[in-house]
Each structure stands twice: as C-alpha cells, then as structure tokens.
Amino acid sequence: MRLSRSFGKTLRQAPSDAETASHQYLVRAGFVQQVAAGIYSYLPLGWRSLTKISNIIRQEMDRAGAQEISMPVVQPRELWEQSGRADTFQPPLATLVDRRDRKMVIAPTHEETTTFMAAANLESYRDLPFNLYQIQTKFRDEARPRAGLLRVREFEMKDAYSFDRDEAGLDVSFKAMAAAYHRIFSRAGIDVRMVEADSGPIGGKDSNEFVLLAESGEDTIFVCSDENCGYAANAEKAEFKKPVADAEEQGELAEFHTPGIKTIEALAGFLEVPVSKTVKAVFYAPETSSGGEIIFVSIRGDLEVNETKLRNAMGGAQPRLATREEVEAAGLVAGSASAIGLDAVGGPRSRASITSIVDDSVVNSPNLVAGANRADYHLKNGNYGRDFTADIVVDIAMARAGDPCPGNCDGHLVEHRGVEVGHIFKLGTGYSEAMGATFIDEDGTEKYPIMGCYGIGIGRLLAATVEANHDERGMVLPRAIAPYEVYLAGLNTNDDTVVAAAEKFYDELTAAGVEVLFDDREEPPGVKFNDADLIGLPLRVVVSARGLRNGEIEMKRRDADEATMAPLSEGVNAVKAALEG
RNA sequence: CGGGGAGUGGCGCAGCUUGGUAGCGCGCUUCGUUCGGGACGAAGAGGUCCCGGGUUCAAAUCCCGGCUCCCCGACCA
C-alpha cells in the first residue's frame, strides 16, 4: 500500500481530549476516529490491525472445534424478557421501536440469542457438545466510556458459547477455550495472563479473566511472587493466607472504658495491642433496601472488606454502605459496635432485620477486642463461638500486595494493573432453562445443556497492546497485529534514481509476499521517520541516496535502537530475516 | 448518577475580563528552493465562533435555557 493513497492522515498533535497513550497514538496515526463518546470509526490502518486480530482468533477458535456463526445485532426484546435480563442488565439495554411498535434491543451480548438458536436445533445428546462463536458488533450504553478504545460503548467482540451434556463436558470445553485463548494472545505477540476472576451475578462457578499488564489498566490483579506457583487473580477475587493467630487460653469477656475511641487504630493504640487482635464492624444494607435491613459485617481490624466477596456471600445481591440513619435505627453504636450482643433483649436484632456475616479471620483469632455496643466501651477477650456467632462465615477480606499467596508455596502477592481483554465463564444451565433449550439424554430423560461463554474484546485488545507497547515516539506493534509488516520509506524524492529504486524495491517486497506500507510521499526525511515511529510497524526500511552509493538499504526494527545495512540486491531476504529477528 | 473542566477553519490554541474588522502555529493549495529526524521563501484557500432565545444600534464576548465532549468518582459478564 502506498501511504500517499492510504486513507487517513497522521496528526502532529494529539486531539486535546486524548489522554492515554493508546488513545493518542491510535488517533494520531490515523487508525481510528471518534464519532461520539465511546463510539469510533476504524480507518484502513486500524481496521487492518483489527482484522488481523480477528483472523488469529478465527483460526484458533476453529482449531478448538468451535463453529463460526453470525447473530443479529438488533433483536426482539422478548428474548430478553424470557431470560429475565430485560430490566436487570447493566448497563441498561439500548432499545428501539420498529415500525410496528415492536420493542427491539441492540444486543450487548448474545447468550439469549445463542440459546434460542440452540433450543431449535438441539434434540439429542448426540447433538452435543457444540460451541458456536461470532465476531461481531456489540453495543453497551456505558455510563462512562473512557480512554479511547479501552472502554467504549460500541465494540467488536468475539463471543463463543459452548453447550455440553454434563459438567465433565463443560470442563473439557472450558479448558479447550482457555488453551485457545493462550494460543491467541501468544500468537498476537502480547503478554496476557489468565487470572481467577469473579463471575459476577450472572456467571456460574468458574470464571477466568485474561489480563494484559499495563499501568493504564482499570483492573487490579495479584500475582504470586513465586513463578512456580502461578497463582494470579483479580483483586475482586484474590484470596490470601490469613496468618493464623497463636493458640491461647480464652480469657474472660470483660468490658472496659474507652473514652472517645472511635477507630480501630485508636483502639489498638489505646490498648497497645496489634490491630489484628481487634474485630471491626462494617454496616451494609441491600442496595434496594429502604431501611430496616442491616448486613452486619465483622472482620479483623487489620483487614478490609472486599465488597465483591460480600456480594457473593449475600447470594449476588449488591450491598451498599448503610446510612447513618439506618445504623442508628437498629440501635447500633458506630465506633463501638460488635456482633457480641446482637441478640440481647431489646438489642439490634429486635429492631432491624440483621444478617451477621463474619470473615473467617475472626473465627480463627482468639481473645479479640470488640465493641461493647455502647458508646465509649469495648470488650476484651471476644471469642467466636463462645461469645457470638454468625449467619454466614466466609472469606470476605480484600487481598493486599505483600499478603501471603493462598497457593501451596511461600510466595506473596504482587500487585499489577491490567486491562481485561478476555473473560471465560462457566454458565451452567441458567440460560438453557430460561430459553427452554433441552435434549434427550441417553437414558431417555430430558435435560438442560450446560453452557459456557467466552469473550474477547477485539478493539480493546488493540488498545491494550498499544498501552503495553509504545515509547515516547509512537506505537511499537507486534508483527502479528501490525497493519503492515514493513514501513518502506524512499528518501530524496528529488532524486529520480532513488525514487526508481524505492519503487522497484516496493514491487519486489510485495511480490515476495511482504506486507509493505510504502511512504512514497514527497516529504522530507524527518517527516517520514516520525510517521514511521508513530505508526509503529515492526520494521522500517529506507532507500536513500546515501545508502545507494554503496548499493545498500537500511533496516531498523521499531523495537531496536540501531539500524543495520544490507545490500539492495539481497534486500528481500534481508527484510524477511530482519522481520523474523 | 455525583463532582470538575472544555466547546472558535482539519489539529493545537489566543481573543471573552472592558461588546464594534475573527487571529496565531501546524496542516492544506500553487510556484521556486531544499532532501537522513517534523526544511525555507512567496502567493493563496478555508470559520453557521456548539445550538436556541434574550439584552443591545451592534454579541465569539453579556444574560437565560439546552446540547455535546473530556477527566475524577460511583457503576461495569
């Protein structure tokens, strides 16, 4: 391709509203153009990259046994009413009304449509398993799109849906997809890690995210410092070994005066005990609660509540912090509250509907300092089981950098920022039940297929790649997803000999199957070098008067500091070798 | 949804306080010179100043209403 004919121009300055590196470079290099908030057009260079990513994905999905299909973007709202997600999906469904006043939605994902289609084509266990995928546009009306392509409203997504006869089958499908994902990201030339993730209110039991490490990412992930361990998890999901307190005799529960002490730090300091010897209370309420309901969370003083884990402990209901009014109405004394005495006559349980959730750290720690449920008083030697119990005991603690890895190793958790570029879920039978997809099993009984779903955000993957691969001059694109392999610049456009040599070499490279972007513009060298760096193709090749004096061309990999020379007569092979580099 | 900021040729900005000719850099066109890290000279083209209303002899500028975009937070199969 001749750069002079390629639609789209490079910009010397980034638009003022672009802040992240990928946003600035993708716009400046003419890969994408914004149309509205979170809505972009892809220009030829950007679309070529996106197509390369898509093709890698296609090959690996096909290899893994999935079959490509295409489902509609606009679909009847009834499908969503059937699954029960019409009014609960977040962000809210984008809807429109057709000419017959039928409500339609612009699909944000395709579980419903896939399962609807499966229902019509699935009859026997002999039809299973199958895995269907598509690469297609999604629309999610996000409240706040941001950072160029990193978080958009309309985007290209590869979404796959597996249907299996039983759990064992799902495990096979799930593992096959995980393996395919690893191959996809590896082939794309980017370092993506699979981490354990929360599946959210929708998902089933297992869920893994694929995260590209980059400082500008929105997600926090923890990775074990021990490389042999391999533990990695999203912060929402991450677990850690909680230090086990030394065994000690249970002391006698005793109340004591703590004037003006409101915080755990102050309490620990006042008593000269470590914060890990205290238990703190945090009050939540179901998000939809209008009062009278308290989720009473007890967790050791040195730990913080992980609200995602809390939500899961609550069966998927989103918690919110309780208001001061709700806390007071329940007779809880902020700063001196504890689960000890919740059931006292006239106590909190008699005034509000209270669910007591205790982090397992509390259960394993003897003789804790806890609130006395009256202002300025606390209790010594609180012991779970003897002095208080809980409705639910579970891990609801937020992992932190440096915490011991939960794996069978001596490592600790290291914190990273990352961009979620893929996510795979074990869904179970929720959708097949809702959409009425069934099959007759070998024993003659009717059963629901067990589903999994598997997504990759393609545009986000491109943006994340740029976030992880750029310098101060521009992008440094991996060969597999760069729009072209070689940036060929003919310098000295006033010299017919050079122009002719560049043209000829362009033809030779193209004939040899090398993907070349030929900068044939009449621009000074500096402009060409700068655009080459900005666009970030893997290899820059220069044909110039200076080089031709020795019958040579110059090659410089984008990821290298130094250029090398090669005889023009051996140019094609030299370029191929340099690309393999 | 809460908080903050911004809308003036393709891009980056000034002008607005104190109303009166719309300006600068880059880019673009033509001609000439130049040719290894964003060249130089000369001559040009290009703007509903986000939209609507109001005040005024006169509005980019003042007032009112709205829209859009960006950032932080909340939210986020």
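Per chain, numbering begins at 1; letters A, B, ... match sequence-line order. Any value given below was found using the heavy atoms of this structure, including those in side chains, with hydrogens, waters and symmetry copies removed.
The CD-P distance, from A:Gln13 to B:rG25, rounds to 13 Å in whole Å. A:Leu11 has its CG atom 15 Å from the C1' atom of B:rG9, to the nearest Å. Rounded to whole Å, the distance from NZ on A:Lys9 to P on B:rC26 is 17 Å. Going from atom CD of A:Glu19 over to atom C1' of B:rG5 covers 11 Å, rounded to whole Å. Spacing between atom CD of A:Gln24 and atom P of B:rC70 amounts to 14 Å, rounded to whole angstrom units.
If you check every strand for non-hydrogen atoms under 4.0 Å, A:Pro15 touches sugar and phosphate atoms only. Note on A:Asp531: a base of the nucleic acid sits closer than 4.0 angstrom, heavy atoms only. Counting any heavy atom pair closer than 4.0 Å across all strands shown, A:Ala143 reaches a base atom. Using a 4.0 Å heavy-atom distance criterion, A:Gln34 is classed as a sugar-phosphate-only contact.
Remark: B:rU18 base-pairs with no nucleotide in the shown strands. Criterion, Watson-Crick or G-U wobble with two distances under 3.5 Å. Remark: B:rG10 base-pairs with B:rC26; criterion is Watson-Crick or G-U wobble with both hydrogen-bond distances under 3.5 Å. B:rG41 is paired with B:rC31 under the Watson-Crick or G-U wobble criterion, all donor-acceptor distances under 3.5 Å.
Considering all non-hydrogen atoms of both residues, A:Asp471 and A:Tyr25 come closest at O-OH, 2.8 Å. Nearest approach of A:Glu154 to A:Val152, heavy atoms of both residues: O-CG2, 3.3 Å.
Map A:Arg28 and A:Asp159 each onto its nearest nucleotide of RNA chain B; the residue landing nearer the 5' end is A:Arg28. Each of A:Ala160 and A:Thr493 was assigned the nucleotide of RNA chain B with the nearest heavy atom; the assignment lying further toward the 5' end belongs to A:Thr493.
Under the salt bridge (charged side-chain N to carboxylate O under 4.0 Å, His left out) criterion, A:Arg48 pairs with A:Glu515, not counting sequence neighbours. Partners of A:Phe163 according to the ring-ring contact (aromatic ring centres under 6.0 Å, His included) rule, which considers only residues two or more places apart in sequence or in another chain, are A:Phe130.
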